[in-house]
Amino acid sequence: MENIKQYVQENKERFLTELIDLLKIPSVSADSAYAQDVIDTANAVKNSLEKAGCDFVELCETPGYPIVYGEKIIDIKLPTILVYGHYDVQPADPIDLWDSPPFEPIIKNTPIHPEGAIFARGACDDKGQMYMHVKAFEYMIASNTLPCNVKFMIEGEEEVGSKSLSWFVERNQAKLANDVILISDTGMISNTQPSITTGLRGLSYVEVEVTGPNRDLHSGLYGGAVANPINVLTKMIASLHDENNHITIPGFYDKVEELSKEERAEMAKRPYSEEAYKEALDIVDVYGETGYSTNERNSIRPTLDVNGIWGGYTGEGAKTVIASKAYAKISMRLVPNQDWEEITTLFKNHFERIAPKAVKVKVTPHHGGQGYVTPIDSIGYQAANKAYTETFGVQAIPVRSGGSIPIVALFEKELKSKTILMGFGLDSDAIHSPNEHYGIFNYLKGIETIPLFYKYFTELYEK
Ligand code: BES
Ligand code: MN
Ligand code: MN
């Protein structure tokens with residue numbers, strides 16, 4: 001086995017089968033009905049790291065789901081890469097919208113993935129991307145080309161806020177000491193244009209409850225005379241954006257970093273077609289904050305979105321009723337410098353203040369995290385760029401993503417190291433959505449590119 005390309009070709013079927021087996025376990029961290037499956041997945045990941053060649057692997061117990069930790073230390077004088085990923089997945093619902101069952105992976109071709117894609121919950125986010133690291137490591141061990149030390153830390157609560165991982169990281173700084181953190185849990189521009197994610201948005205996630213009368217009421221007998229919590233809630237929510245789609249919460253933008261003209265011009269150079277964007281989503285027009293482009297709106301600008309809203313009668317037919325309560329789940333994507341706890345407080349105060357006297361309002365924060373930006377002059381970034389350039393034949397473009405991996409900011413705070421986000425997913429892979437999939441090309445290309453990161457990082461580190 002001379003090189004990685006050949007190794008990937010020779011082991012392709014096995015790499016696919018192993019990933020498919022992992023995808024069959026429904027490790028939904030949000031739903032306690034799947035608790036045993038989440039633990040089974042942790043064990044499967046542990047076994048895979050042992051088999052690939054770690055010297056030491058363990059399941060670290062936490063207040064929540066275990067963290068899979070593994071390592072291969074070849075020489076303490078060499079640099080150490082800490083690989084992070086997650087083995088939990090989002091809930092599969094709405095299940096009816098899947099073309100095939102979410103935990104029975106199948107391979108199908110798509111226009112974007114003519115070489116086939118694996119369809120399953122977690123295929124791209126993050127089992128497929130995490131498992132590329134296990135297979136890349138297997139290759140480096142098998143070919144005796146591992147150039148540095150490596151530690152793996154794979155968690156099971158990323159999709160629900162990484163609470164236990166925060167707990168674990170705060171208590172294990174020495175164990176987790178490293179020179180760079182490497183994560184594949186983001187995307188790239190396209191299969192011909194790799195990109196490296198240099199920014200993630202922060203997040204504040206809250207739930208609101210509006211209570212009107214103490215019981216559901218006949219909407220004829222009482223309608224017009226008491227506050228309808230659903231009417232009130234929707235009005236309150238609507239008031240959170242003004243006519244320019246700016247968020248109206250006082251102080252919300254105070255710490256938002258405005259990018260310079262030059263930085264915005266640089267951003268605008270990335271390949272992007274608004275027509276293709278609209279077509280892919282079947283929308284006639286885009287929508288968002290006045291004065292910003294689509295790429296800016298979904299990366300360098302903060303947002304406020306209702307993720308779910310419920311209350312009253314939603315069954316078949318009509319029921320005339322004024323519900324006692326109405327609810328919504330609201331997420332705010334934040335940009336660097338905005339503090340998620342501060343924003344959560346601003347939201348809570350504002351939401352309570354704008355409620356009419358006729359209702360009671362309860363705001364419950366769920367979870368959150370800080371945003372992240374990473375410079376492009378670090379050796380980690382350079383190593384990643386060299387790796388992509390070699391396997392794709394073109395340089396990677398730095399891109400700030402709209403998604404969040406809140407734990408990344410905590411890594412920097414607690415472990416004092418930078419994170420490199422080498423993602424191989426595509427926006428069209430439908431993560432968190434029905435019919436999530438991951439391209440076979442992307443999976444194998446990731447396995448091919450990762451060892452080169454190790455190689456170039458070690459070389460640049462030693463210089
Ligand atoms: N892998 C995603 C985040 C992501 C995807 C970042 C694509 C950039 C590009 C991660 O699993 C995720 O879904 N994060 C959550 C936050 C978490 C606290 C639930 C998110 O962004 O909604
Ligand atoms: Mn993820
Ligand atoms: Mn996710």
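Since the model is a prediction, treat every value here as computed from it, not as a measurement. In listed order, ligands and their atoms are each counted from 1.
Considering both main-chain and side-chain atoms, D125 comes within under 3.5 Å of ligand 1 through a nitrogen or oxygen pair. For a threshold of 3.5 Å applied to N or O pairs, the pair formed by T186 and ligand 1 contains no separation below that value.
Remark: ligand 1 atoms within the under-4.0 Å shell around heavy atoms of P406 are 18 (C). Ligand-side atoms of ligand 1 in range of L203: 18 (C), range being under 4.0 angstrom from any heavy atom. Close approach to I431 involves these atoms of ligand 1, each under 4.0 Å from a residue heavy atom: 5 (C), 7 (C). Residue contact check: R333 has heavy atoms under 4.0 Å from atoms 20 (C), 21 (O), 22 (O) of ligand 1.
Side-chain polar atoms of T391 and E448 form no donor-acceptor pair below 3.5 angstrom. Inspection of the D40 and Q36 side chains reveals an N or O donor paired with an N or O acceptor under 3.5 Å.
Counting only distances under 2.8 Å, and ignoring water, the protein N, O or S atoms around the Mn ion (ligand 2) are H86 NE2, D125 OD1, D185 OD1, D185 OD2.
Note on ring orientation: taking the six-membered ring where Trp is involved, the planes of Y443 and F15 are perpendicular (angle over 60°, cut-offs 30° and 60°). Ring pair F392/F424 is parallel by interplanar angle, where below 30° counts as parallel and above 60° as perpendicular.
Residue I249 holds its CD1 atom at 8.5 Å from NE2 of H241, rounded to the nearest 0.5 Å.
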Hey, mind stepping through R333 and S404 against side-chain hydrogen bond (donor to acceptor under 3.5 Å, both in side chains) and telling me if it holds? CA-CA 8 Å; R333 296 283 170 173; S404 309; 2.6 Å; yes
When you look at H133 and L182, which way does the side-chain contact (heavy atoms from CB on, under 4.5 Å) test go after all the steps? CA-CA 9 Å; H133 286 268; L182 182 61; 3.6 Å; yes
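I112 CD1: 12 or fewer foreign heavy atoms inside a 6.0 Å radius. Summarising the local packing, CG of D427 is surrounded by 12 or fewer heavy atoms from other residues, nucleotides or ligands at distances under 6.0 Å.
The single protein non-hydrogen atom nearest to atom 15 (C) of ligand 1 is S404 O, 3.6 Å, given as residue, atom name and distance. Here the heavy atom of the protein found nearest to atom 8 (C) of ligand 1 is S401 OG, 3.1 Å.
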